[in-house]
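Beneath this line is the structure, given in structure tokens, with notes to follow.
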Amino acid sequence: MNWWMCSECDYVLQAELPPKKCPSCHAECIFSDVTCYIPECGGAGRLNMKMVAEKAKADKNKIN
Ligand SMILES: [Zn+2]
């Protein structure tokens, strides 16, 4: 199982593959893989919180 983050609303979900439509904002958005693969973020298969925070920040910068 991987973690996916919606590029539109920052919604995070766990699934084998990302859905076509986001269940939160219902947009056909790009899902970023925010799964942790290294021990530094908690171990393989965990949600990479650092990546989530960085992506959320990058999205805010894009709007501003
Ligand atoms: Zn969304």
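Not measured: the values here are computed from a predicted model. Just follow the structure's listing: the first ligand is 1, and inside any ligand the first atom is 1. What you see below is based on every heavy atom in this structure, not just the backbone, and it leaves out hydrogens, waters and symmetry mates.
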Could you grab the angle centred on the Zn ion (ligand 1), going from SG in Cys25 to SG in Cys9, to 10°? 110°
Examine all N, O or S atoms of His26, backbone included, and report whether one is under 2.8 Å from the Zn ion (ligand 1). no
Is there a side-chain contact between Cys25 and Tyr11 (heavy atoms, below 4.5 Å)? no
Answer yes or no for Cys6: is there an N/O/S atom below the 2.8 Å cut-off from the Zn ion (ligand 1)? yes
Under the side-chain contact (heavy atoms from CB on, under 4.5 Å) rule, what do Asn48 and Trp3 come out as? Steps first, then yes or no, please. CA-CA 8 Å; Asn48 190 337; Trp3 290 95; over 6 Å; no
Is the Cys9 SG less than 2.5 Å from the Cys29 SG? no
Counting C-beta onward and ignoring hydrogens, is there a side-chain heavy-atom pair between Pro19 and Leu13 closer than 4.5 Å? yes
